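What follows is a single structure, written as structure tokens, with notes after it.
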Amino acid sequence: MEPSELKRSKDSPNSDESTRRSSFPDEVLERVLSLLKSHRDRSSVSLVCKDWYNAERWSRTHVFIGNCYSVSPEIVARRFPKIRSVTLKGKPRFSDFNLVPENWGADIHAWLVVFAAKYPFLEELRLKRMAISDESLEFLAVSFPNFKALSLLSCDGFSTNGLAAIATHCKNLTELDIQENGIDDKGGSWLSCFPESFTSLEVLNFANLSSDINFDALERLVGRCKLMRVLKLNRSVSLEQLQRLLVNAPQLAELGTGSFSEELSFRQYVELESALSNCKNMHTLSGLWDAKGIYLPALYPVCTHLTFLNLSYAALRSDELAKLLAHCPRLKRLWVLDTVEDKGLEAVGLNCPLLEELRVFPADPFDEEIIHGVTEAGFLAVSFGCPRLHYVLYFCCQMTNAAVATIVQNCPDFTHFRLCIMNPGQPDYITNEPMDEAFGAVVKTCTKLQRLSVSGRLTDLTFEYIGRYAKNLETLSVAFAGSSDWGMQCVMGGCSKLRKLEIRDCPFGNAALLSGLEKYESMRSLWMSACNVTMNGCRLLAREMPRLNVEVMKEDGSDDSQADKVYVYRSIAGPRRDAPPSVLTL
């Protein structure tokens with residue numbers, strides 16, 4: 001739930017319109033509302049009248065909070081008394097690129113203290129970019145007797161000791177999902193903390209842990225948990241160990257393998273292939289660390305039913321990918337490294353007619369002399385063969401305006417188009433023109449577009465196109481682009497549904513920042529870093545819009561004229577009280 005939605009919901013029953021009574025009995029109304037899964041739909045329903053507001057308040061069991069500082073835990077607890085599941089996001093996305101100062105905030109502990117008092121029946125907690133300590137994990141483990149699911153994505157501040165507390169105390173745990181976290185890995189002994197009588201685990205993901213794990217404990221755990229459907233292993237698990245786990249868990253629907261490069265005897269290979277072929281329900285495959293092509297054929301039996309193949313840890317060559325995809329006719333989602341090159345993407349176009357999502361990551365994002373990589377040719381090949389494609393994240397070394405125009409003609413239903421040309425400010429490499437017409441073609445053709453990331457040499461014309469045509473755009477990411485403030489002014493004036501705007505290393509200044517005065521309260525956040533914004537511009541924004549939190553991040557905490565990194569968001573909780581010295585709240 002967004003802060004604006006929470007505020008409207010809180011205020012709406014006092015309005016004349018909302019005092020109308022519902023003709024539905026309370027039991028019927030609560031039953032109908034329980035069928036609504038979208039938090040936006042539920043928020044809209046709560047505005048209809050007082051009865052609907054109260055029914056929605058008492059029937060809601062899950063809450064989504066896109067910014068942990070947009071609201072306080074006390075406000076959430078007052079608004080929704082029966083929450084059992086919480087999804088909470090913390091730091092700005094650019095923290096993934098080390099652009100947010102250390103100890104910036106987003107600590108979960110204050111939320112847990114309130115939840116323990118108000119929601120002792122809490123069952124699920126899903127955190128993204130939050131700080132969580134071992135002490136907080138232990139507090140969580142002992143405070144909620146029926147706790148079932150913990151998901152930590154891109155979080156930091158904890159170690160495997162915290163996982164040990166979860167394993168020891170959460171007797172009803174069904175999900176432990178640890179993804180891409182900054183975790184202090186003190187060894188794999190935490191797996192032995194699950195009691196021998198524990199059998200409820202259905203989801204276990206520890207793929208990003210680096211140390212060797214206690215395999216005997218893992219094998220016993222997997223053998224006991226007969227309902228386990230998701231198992232994602234780290235690099236330390238060998239192929240021989242994988243085979244032993246699969247024998248005990250043929251029911252798996254999602255598998256993340258460990259290392260896929262161990263030397264196997266013929267007998268071991270046959271046993272691995274047999275164990276994989278017995279996994280009849282598998283639809284998602286990932287891992288394949290350091291994969292060797294000689295062992296990939298063991299995967300062919302499970303490929304037939306795969307809908308998601310994540311090869312972002314497997315530096316496959318084009319021929320290896322082509323052989324694998326020949327066995328994946330039902331694939332809808334594919335993640336690969338750019339080591340597959342254009343030839344590998346041609347195989348995608350030939351073999352994956354149902355593909356809806358493609359992500360191509362750089363094997364080495366800091367390699368300025370890219371030997372391998374993908375170009376417009378690979379993207380074109382995919383677009384010709386995959387007409388259902390609607391989500392793309394594509395890191396490439398070169399692109400042209402004409403190629404992008406053809407791609408969106410072939411796949412006009414893009415909702416997410418994230419193109420990253422690796423060399424900042426690079427033009428169309430054939431015509432040497434800016435890439436304006438490429439993104440103009442995207443926003444003109446793809447009327448369902450919700451998320452857009454732009455790159456390459458771009459003038460204000462790109463942003464004029466975006467403001468004029470991207471009427472359903474919700475998230476825009478911009479880097480090293482634009483000519484003047486006019487570009488951002490076009491976006492703010494034209495994109496009525498914009499919720500998140502992320503800008504770095506652009507020439508936009510105070511006029512651009514202040515052009516969003518009428519929009520920021522309906523948006524989740526604005527990020528601007530390495531732009532031409534000044535402290536005076538930020539102060540003016542804060543003065544004109546007192547319900548916004550305007551934060552300026554400075555590594556030395558100084559208050560000079562330039563605003564290095566600006567983070568703006570709406571909050572009904574007021575300015576936060578835990579900001580470090582490097583964060584100035586205006």
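Because the structure is a prediction, the values reported are computed rather than measured. Numbers here simply count residues along the sequence, with the first being 1.
Proximity of Pro92 to Lys565: side-chain heavy atoms (C-beta onward) are nowhere separated by under 4.5 Å. Tyr295 has its side chain out of reach of Leu272: every pair of non-hydrogen atoms, C-beta onward, lies at least 4.5 Å apart. Looking at Gln398 and Gln426, their side chains come closer than 4.5 Å, going by heavy atoms from C-beta outward. For the pair Leu419 and Cys396, the minimum side-chain heavy-atom distance is below 4.5 Å. You'll find the side chain of Glu262 reaches within 4.5 Å of the side chain of Glu240, heavy atoms only. For the pair Leu316/Leu296, a side-chain contact is recorded, criterion being any heavy-atom separation below 4.5 Å from C-beta on.
With sequence neighbours excluded, the residues forming a ring-ring contact (aromatic ring centres under 6.0 Å, His included) with Tyr569 are Tyr567, listed by chain and number. Under the rule for a ring-ring contact (aromatic ring centres under 6.0 Å, His included), the partners of Phe194 that lie at least two apart in sequence or sit in another chain are Phe198. Take His327 and apply the ring-ring contact (aromatic ring centres under 6.0 Å, His included) test, not counting sequence neighbours, and it matches Tyr300.
A donor-acceptor pair under 3.5 Å is formed between the side chain of Arg224 and the backbone N or O of Glu196. A distance-only check finds no donor-acceptor pair linking the side chain of Ser274 to the backbone of Glu271 [under 3.5 Å]. For the pair Thr160 (side chain) and Lys186 (backbone), a donor-acceptor distance under 3.5 Å is present. A donor-acceptor pair under 3.5 Å links the side-chain atoms of Thr415 to the main chain of His390, judged by distance alone. Remark: the backbone N or O of Ala363 is paired with a side-chain donor or acceptor of Asp338 at under 3.5 angstrom. The backbone N or O of Ser159 sits less than 3.5 Å from a side-chain atom of Asp134, completing a donor-acceptor pair. Judged by distance alone, with hydrogens and angles left aside, the side-chain atoms of Tyr313 form no donor-acceptor pair with the main-chain N or O of Ser286 at under 3.5 Å. Between the Asn181 side chain and the Asn208 main chain, no donor and acceptor come within less than 3.5 Å of each other. Judged by distance alone, the side chain of Asp177 and the main-chain N or O of Gln179 form no donor-acceptor pair under 3.5 Å. With hydrogens and angles disregarded, no donor-acceptor distance shorter than 3.5 Å links the side chain of Tyr394 to the backbone of Val374.
Between Cys170 and Ala141, the shortest heavy-atom contact is SG-CA, 3.8 Å. Between Asp342 and Ala377 the shortest heavy-atom distance is OD2-CB, 3.7 Å. Closest non-hydrogen pair, Leu264 versus Gln268, comes out as CA-OE1, 3.4 Å.
Checked against Phe206 for a side-chain contact (heavy atoms from CB on, under 4.5 Å), the options Asp185, Leu218, Leu163 give a single hit: Leu218.
Distance check, rounded to the nearest 0.5 Å: SG of Cys328 to CG of Leu354 gives 11.5 Å. Atom CZ in Phe361 sits 7.0 Å away from atom CG in Asn310 (nearest 0.5 Å). Here Leu209 contributes atom CG and Ser236 contributes atom OG; the two are 8.5 Å apart, rounded to the nearest 0.5 Å. Summarising the geometry, atom CG belonging to Leu252 is positioned 7.5 Å from atom CE belonging to Met228; distances are rounded to the nearest 0.5 Å. Note that NZ of Lys89 is 4.5 Å distant from NZ of Lys128, once rounded to the nearest 0.5 Å. For the atom pair OG1 (Thr307) and CE (Met282), the distance works out to 11.5 Å, reported to the nearest 0.5 Å.
Sparse packing is recorded around NZ of Lys332, with 12 or fewer heavy atoms of other residues, nucleotides or ligands lying under 6.0 Å away. Surrounding NZ of Lys343 are at most 12 heavy atoms belonging to other residues, nucleotides or ligands under 6.0 Å away.
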Please list every donor-acceptor pair under 3.5 Å in which a side-chain atom of residues 102-119 meets a protein atom from a residue at least two apart or in another chain.
{"from": "Asp107", "atom 1": "OD1", "to": "His109", "atom 2": "N", "distance (Å)": "2.8"}
{"from": "His109", "atom 1": "ND1", "to": "Ser136", "atom 2": "OG", "distance (Å)": "2.8"}
{"from": "Tyr119", "atom 1": "OH", "to": "Val76", "atom 2": "O", "distance (Å)": "3.3"}
{"from": "Tyr119", "atom 1": "OH", "to": "Phe80", "atom 2": "O", "distance (Å)": "2.5"}

Pairs under 3.5 angstrom only: tabulate donor-acceptor contacts from the side chains of residues 144-157 to other protein residues two or more places apart or in another chain.
{"from": "Asn146", "atom 1": "OD1", "to": "Asn172", "atom 2": "ND2", "distance (Å)": "3.3"}
{"from": "Asn146", "atom 1": "ND2", "to": "Glu123", "atom 2": "OE2", "distance (Å)": "3.2"}
{"from": "Asp156", "atom 1": "OD2", "to": "Lys91", "atom 2": "NZ", "distance (Å)": "2.7"}

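Sequence neighbours left out, the pairs with a member in residues 245-261 that pass salt bridge (charged side-chain N to carboxylate O under 4.0 Å, His left out) are Lys232-Glu254.
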Legend entry - Evaluation steps, side chain to side chain donor-acceptor pair (under 3.5 Å), between Ser529 and Trp527: CA-CA 7 Å; Ser529 60; Trp527 170 278; 3.0 Å; yes
Inset, instruction - Apply salt bridge (Lys or Arg N to Asp or Glu O under 4.0 Å) to the pair Arg229 and Glu175, showing each step before the final yes or no. - result: CA-CA 10 Å; Arg229 51 187 173 80; Glu175 178 178 346; 5.2 Å; no
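A salt bridge links Arg235 to Asp290: one of the charged nitrogens lies within less than 4.0 Å of a carboxylate oxygen.
The aromatic ring centres of Phe97 and Phe94 sit less than 6.0 Å apart.
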